[in-house]
Asker: 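Below is a structure I'd like to ask you about.
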Protein chains: 2
Amino acid sequence: MFEYIDRESVLTKSFLEEYQSHFRIESYPSKTVLLAQGQVAEKIFWIESGCMRIWLNKDGQEVTFQFFLENSLVASIESFWQSTPSLFTLETIEPTTVWVADKKDLKPLLDKTLQEEAYRNLFIDAIFQRTFDYMQRSLSFVQSTPEQRYLNLVEQRPELIKRIAQHYIASYIGISKVHLSRIKKKLLKS
Amino acid sequence: MFEYIDRESVLTKSFLEEYQSHFRIESYPSKTVLLAQGQVAEKIFWIESGCMRIWLNKDGQEVTFQFFLENSLVASIESFWQSTPSLFTLETIEPTTVWVADKKDLKPLLDKTLQEEAYRNLFIDAIFQRTFDYMQRSLSFVQSTPEQRYLNLVEQRPELIKRIAQHYIASYIGISKVHLSRIKKKLLKS
DNA sequence: CTAAATTGATAACAAATGTTATCGCTTTAG
DNA sequence: CTAAAGCGATAACATTTGTTATCAATTTAG
């Protein structure tokens with residue numbers, strides 16, 4: 001886990017060791033719910049291998065809002081940060097191995113880390129990046145057709161297209177699975 | 001301008017005075033472009049009175065992405081923070097009076113402010129709030145029908161519905177102006 | 001004050017998208 | 001290994017949504 005972070009960040013070794021001490025490794029089969037819609041997120045996950053999605057209920061149908069692959073940090077971020085009931089259910093969609101930590105252990109350490117200017121700036125940039133990602137996502141709905149959204153995904157996140165069942169992709173794009181199938185057929189012809 | 005901030009934040013008087021010294025007041029008529037799509041944002045605005053929107057071009061049509069009313073801080077946030085070309089055009093939609101500051105003057109002051117824990121936490125919370133807002137917006141497109149998105153707006157931002165022309169609202173919701181008119185008619189009947 | 005522009009509603013039609021059901025083909029569980 | 005579940009394609013049909021054009025009412029610019 002931390003070999004990866006090390007390549008990407010300026011976190012020093014001592015910080016890393018402190019963080020690592022709070023994480024434990026766990027494995028789950030596919031379709032395991034790690035956080036249910038309505039619960040408050042008390043844990044954070046680092047995906048070592050496998051894949052998850054967050055989804056929510058829309059008139060009895062599951063709508064997928066986001067995917068997470070290995071080497072990413074996952075939490076129901078708004079629930080984790082604000083201690084509000086999660087809007088989403090977090091569920092594995094492949095057999096998945098993660099590093100888990102409890103929020104109560106991590107929070108003091110994070111506050112300490114943010115005292116230091118370099119880390120603080122990294123942290124702020126990371127949140128901003130998240131903001132821009134969501135902005136782009138919102139934008140894609142008013143700016144692009146479903147076909148364009150699919151093509152963007154093919155270009156920008158080809159791993160998702162390869163690994164993830166098509167009906168999940170469809171709801172992520174905001175269309176029905178039948179319609180996505182039609183779009184693919186049309187694209188094949190042209 | 002700063003009377004307002006004062007009520008809402010923990011900024012001390014000395015900080016406020018330093019910030020205020022960088023702002024100047026300006027007024028524009030309706031339909032004034034303050035930042036064009038493709039330019040890098042070098043200014044930040046505090047709206048004293050009036051109303052703006054940010055929009056972008058979609059196949060020759062203007063699509064409205066966001067509105068800003070008085071007492072809010074406005075910039076093409078991703079352009080301002082990352083110094084990248086703005087995705088949006090910022091334009092007034094009413095006669096508008098703003099406080100303006102230049103990014104080059106504000107940045108050093110902001111860095112200094114963020115040294116202090118209380119301000120830093122405020123700042124981080126503010127960015128997170130922005131993230132959650134965009135998350136909700138993305139979510140609304142996969143989770144809700146256009147009619148539900150309109151009703152949410154009526155409930156949560158009634159000022160927008162009252163003040164802003166319907167065709168702007170329509171593109172903000174992600175539908176055509178004709179369709180919004182139809183939705184309103186249907187709602188009247190029920 | 002007056003002409004021009006903007007706004008919101010509406011109709012008629014076209015295109016996009018959803019729903020339901022069916023059918024092979026994989027994959028998974030036991 | 002075998003039965004069950006999951007998956008992707010497809011067809012038929014219903015519904016939603018977009019497009020274009022028109023009109024009356026209102027607002028704006030000069």
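Proteins come first, then strands; the chains are lettered A, B, ... in the order of their sequence lines, and each starts at number 1. All values below come from the heavy atoms of this structure, side chains included, with hydrogens, waters and symmetry mates left out.
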Asker: Treat primed atoms plus P, OP1 and OP2 as sugar-phosphate and everything else as base, then score nucleotides 19-30 of chain D 5' to 3': B for base contact with protein heavy atoms under 4.0 Å, S for sugar-phosphate contact only, - for none.
Answerer: BB----------
Asker: Looking at B:Glu62 and B:Arg53, is any side-chain nitrogen of the basic one under 4.0 Å from a carboxylate oxygen of the acidic one?
Answerer: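 The answer is yes: the pair qualifies as a salt bridge.
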Asker: Name the residue from A:Tyr150, A:Phe67, A:Phe141 that meets the ring-ring contact (aromatic ring centres under 6.0 Å, His included) definition with A:Tyr172.
Answerer: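 Of all the options given, the one that passes is A:Phe67.
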Asker: Please list, in numerical order, the residues of residues 145-174 of chain A that have a heavy atom closer than 4.0 Å to any atom of DNA chain C.
Answerer: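 Within this stretch, A:Pro146, A:Gly174 sit under 4.0 Å of the strand.
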Asker: Can you tell me how the ring of B:Phe65 sits relative to the ring of B:Tyr134, calling it parallel under 30°, perpendicular over 60° and tilted otherwise?
Answerer: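 Aromatic pair B:Phe65/B:Tyr134 classed parallel.
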Asker: Starting at atom CG of B:Leu180, determine the distance to atom P of D:dG18, rounded to an integer number of angstrom.
Answerer: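 Rounded to whole Å, this separation is 10 Å.
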Asker: Salt bridge (charged side-chain N to carboxylate O under 4.0 Å, His left out) between A:Arg24 and A:Glu26: does it pass, once the steps are laid out?
Answerer: CA-CA 7 Å; A:Arg24 59 191 181 278; A:Glu26 292 186 1; 3.2 Å; yes
Asker: Counting heavy atoms from C-beta on, name the nucleotide in C:dA9, C:dT6, D:dA11 closest to the side chain of A:Lys185.
Answerer: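 Taking heavy atoms from C-beta onward, the closest nucleotide is D:dA11.
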Asker: Using 4.0 Å as the upper bound for N to carboxylate O, is an ion pair formed by A:Lys107 and A:Asp111?
Answerer: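 A salt bridge links A:Asp111 with A:Lys107.
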Asker: When all nucleic acid strands are considered with a 4.0 Å heavy-atom cut-off, which category describes A:Lys186: base, sugar-phosphate, or nothing?
Answerer: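 Nothing: the residue A:Lys186, judged by heavy atoms under 4.0 Å, touches no strand.
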Asker: With sequence neighbours left out, what residues match A:Arg157 under salt bridge (charged side-chain N to carboxylate O under 4.0 Å, His left out)?
Answerer: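 A:Arg157: salt bridge (charged side-chain N to carboxylate O under 4.0 Å, His left out) contacts with A:Glu159.
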Asker: Sorted by first residue and then second, give each salt bridge (Lys or Arg N to Asp or Glu O under 4.0 Å) pair with at least one member in residues 66-88 of chain B; sequence neighbours left out.
Answerer: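 Of all non-adjacent pairs touching residues 66-88 of chain B, those that pass salt bridge (Lys or Arg N to Asp or Glu O under 4.0 Å) are B:Glu70-B:Arg163.
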Asker: To the nearest 10°, give me the bend of the helix from C:dC1-D:dG30 to C:dG30-D:dC1, comparing the axes of its five terminal pairs at either end.
Answerer: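 Computed angle between terminal axes is 70°.
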Asker: Could you report the tightest heavy-atom contact between A:Ile169 and A:Ile164, atom names first, then the distance?
Answerer: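 For A:Ile169 and A:Ile164, the tightest heavy-atom pair comes out as CG1-O, 3.9 Å.
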Asker: Just wondering, are more than 12 heavy atoms of other shown residues or ligands nearer than 6.0 Å to NZ in A:Lys177?
Answerer: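 No, the 6.0 Å shell around NZ holds no more than 12 heavy atoms from other groups.
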Asker: Find the distance A:Ile175:CD1 to D:dT16:C1' and express it as a whole number of Å.
Answerer: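 The answer, rounded to whole Å, is 15 Å.
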Asker: Could you list the residues that satisfy side-chain hydrogen bond (donor to acceptor under 3.5 Å, both in side chains) with A:Gln143, not counting sequence neighbours?
Answerer: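 In terms of side-chain hydrogen bond (donor to acceptor under 3.5 Å, both in side chains), with neighbours along the sequence ignored, A:Gln143 is linked to no residue.
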Asker: Is the centre of the B:Phe132 ring less than 6.0 Å from the centre of the B:Phe128 ring?
Answerer: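 Between B:Phe128 and B:Phe132, which both carry aromatic rings, the centre distance is below 6.0 Å.
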Asker: Using atom NZ of B:Lys184 as one end and atom P of C:dT7 as the other, report the distance to the nearest whole Å.
Answerer: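 Value for this atom pair: 13 Å.
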